[in-house]
2 protein chains.
Amino acid sequence: MCRPTMRNTTMLMQKNQVFEHAEMTNETIDAGQSLSALFLISATELVPAGRAICWEGDEAKHLFQLVEGVIRLYRIVGDGRRVITAFQFAGDLIGASLQSDFLFTAEAVTDCKIRRVSRKSFHDEVTRSNALHPSYISLLCHEMTAAHEQMVLLSKKNAEERLCSFIAKLVSRRNPQARQGVLRVPMSRQDIADHLGLTIETVSRTLTKLASRNVVIPEGRHDLRIVNLACLTQLSGDADDFLEESCHRVSLH
Amino acid sequence: MCRPTMRNTTMLMQKNQVFEHAEMTNETIDAGQSLSALFLISATELVPAGRAICWEGDEAKHLFQLVEGVIRLYRIVGDGRRVITAFQFAGDLIGASLQSDFLFTAEAVTDCKIRRVSRKSFHDEVTRSNALHPSYISLLCHEMTAAHEQMVLLSKKNAEERLCSFIAKLVSRRNPQARQGVLRVPMSRQDIADHLGLTIETVSRTLTKLASRNVVIPEGRHDLRIVNLACLTQLSGDADDFLEESCHRVSLH
DNA sequence: CGACCCATTGACAGGAATCAATCTGCGTGG
DNA sequence: CCACGCAGATTGATTCCTGTCAATGGGTCG
């Protein structure tokens, strides 16, 4: 369906796509930037990997800004089933879309640095400043968009499409200390599984399959060599028909 | 697991539960109320069943308030796969969580009455009025909560739990012209399937199974007799452990 | 170096999708 | 008013993907 042979031919297209993705998120980044000024008054706190900064159901007295590291937001349903609704990265705000109680537990995936402000002061600042208002709305809208995309992923995509979507999204969010062509994946297989609505075994098997097709190759537990980004994007299932076509064409000769 | 014999014993509990659900949404209703004043200046439009009022990707020049009827919000992904991200009912606002373009197509499930206002005037009003501001935030937060719940449903629940969750949610939103114990379900099986991430056949089969267990009984295509609400709630998978226990106990003797 | 945790791999089972054949309710037209 | 036709719904047979259970492998940290 999508063979590694297309690699060279579609390289340009890959670049474009990633670039577009990156641009799409500029809005959020801007929104984060202006709002993040509110957090500068407070000192950064260090949060070791595995530690939670807030709990589902607790009163949301504070908002957090993630300065450095990766955080998972999750809910526990029924008997111990965990749903990771989102991962948060450097610059993201946590708790902006909340009114009273936290809808999720936020837990550090890696060692993190965070800043916090009280909900009240945050709210007061945003209400007072007309300049911040659009940033705030923009932020909420973007969270909403992400939630929608996740719903699409969970309701219509198979394991391969889910994993490729996830990896492609990580790629588009270029992380700082990455070697060329190698993606850092800080979260565990279990985290990935709980985020994609799969089991750890299925994630592992799907990764193996992608590796055998030379799309991505695991290098250790937390690194992925991205061999064929065009193929990855196409397999993610939300590529345009045009791209899909071109991918097919290329793979046919 | 959950036999019809518990019917009488748990009747009180059922009532309480429905009531609680109704109360939980009061916040939203209030938010809708104050914001909906903004829509009163515009005339109501009639939208026949099946007609769309906006399209995914179009610039969101207007916001809508649904005065009467039911609307589905959906996205089309890949080749024709449809994901219904939400249904909207009388009083709901459509397009509030948007910045520039519509994330979804909104289409009338039944004949509808709507009002519309321009995004600009809506935005200006909300920005100007400090009173409206919290209502707006509240609305966005509630949409976010609904999105989270849908993610949980899609990633961890099986067909039966999904369908029961869906029906229970419809029940908790008491619709006006309902006969006692009978729930109006305006949407088609295909709509339900596309909302729950299932196929039409699975929805149908699951309904049959629920009917054989005397939980709910279909009466025509668009009505459901709710025979055992406690069981329905328990089967939805997000009941408390306490309730689950009690349900078991009752069904055991 | 060994113990432990995490990840991978394999065998198998089960639930939902798919394909296909009725069936039913509902509107239409004779 | 009834027969007809059609879209939507149900039911059945089968396949396939993913979950589950179980064993093995590998990296990391003491």
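The sequence lines fix the lettering, A, B, ..., with proteins before strands; numbering per chain opens at 1.
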Does A/Glu219 have any side chain to side chain contact (heavy atoms under 4.5 Å, CB included) partners at least two apart in sequence or in another chain, and if so, which?
A/Arg179, A/Val182, A/Asp223, A/Arg225
Assess whether a salt bridge exists between A/Asp194 and B/Lys156, defined as any Lys/Arg side-chain N lying under 4.0 Å from an Asp/Glu carboxylate O.
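Result for this pair is yes, salt bridge flagged.
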Taking 4.0 angstrom as the limit, do B/Glu160 and B/Arg213 come out as a salt bridge?
yes
Check the interface with nucleotides 25-30 of chain D: list each N/O to N/O pair with the protein under 3.5 Å, or write none.
residue : atom : partner  : partner atom : Å
D/dG26  : N2   : A/Arg221 : NH2          : 3.1

Hey, what's the ring geometry for A/Phe87 with A/Phe166, parallel, tilted or perpendicular (30° and 60° as the breaks)?
tilted
Could you state the atom-to-atom distance from [atom1] of [X] to [atom2] of [N] in whole Å?
X        : N      : atom1 : atom2 : answer
A/Glu160 : D/dT18 : CD    : C1'   : 14 Å
B/Lys156 : D/dT18 : NZ    : C1'   : 13 Å
B/Asp191 : D/dG8  : CG    : P     : 10 Å
A/Leu207 : D/dT18 : CG    : C1'   : 16 Å
B/Leu210 : D/dT10 : CG    : C1'   : 15 Å
A/Ile200 : D/dA22 : CD1   : C1'   : 14 Å

Please confirm whether B/Arg75 makes a cation-pi placement over B/Phe104, using NZ or CZ under 6.0 Å from the six-membered ring centre and within 45° of the ring normal.
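Ring-cation test returns no.
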Residue mapping more 5' on DNA chain D - nearest nucleotide basis, B/Arg205 or B/Gln190:
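Its nearest nucleotide being more 5', the pick is B/Gln190.
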By nearest-heavy-atom nucleotide on DNA chain D, the more 5' of A/Glu201 and A/Ala159 is A/Ala159
Just wondering, more than 12 heavy atoms not from B/Arg51 lying within 6.0 Å of its CZ?
no
Within the 4.0 Å heavy-atom criterion, would you say A/Leu198 contacts the bases, only the backbone, or no part of the nucleic acid?
sugar-phosphate
Reckon B/Ser204 has a side-chain N or O less than 4.0 Å from the OP1 or OP2 of D/dT11?
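The answer is no; no side-chain N or O of B/Ser204 sits under 4.0 Å from OP1 or OP2.
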Test item: [X] side-chain N/O and [Y] main-chain N/O as donor-acceptor pair under 3.5 Å:
X        : Y        : answer
A/Thr206 : A/Thr202 : yes
B/Asp111 : B/Ala49  : yes
A/Arg162 : A/Leu154 : yes

First and last nucleotide of DNA chain C, 5' to 3', lying under 4.0 Å from heavy atoms of chain B:
C/dA16 to C/dG25
Residue B/Arg189, side-chain atoms from C-beta onward, closest of D/dG12, D/dT10, D/dT18
D/dT10
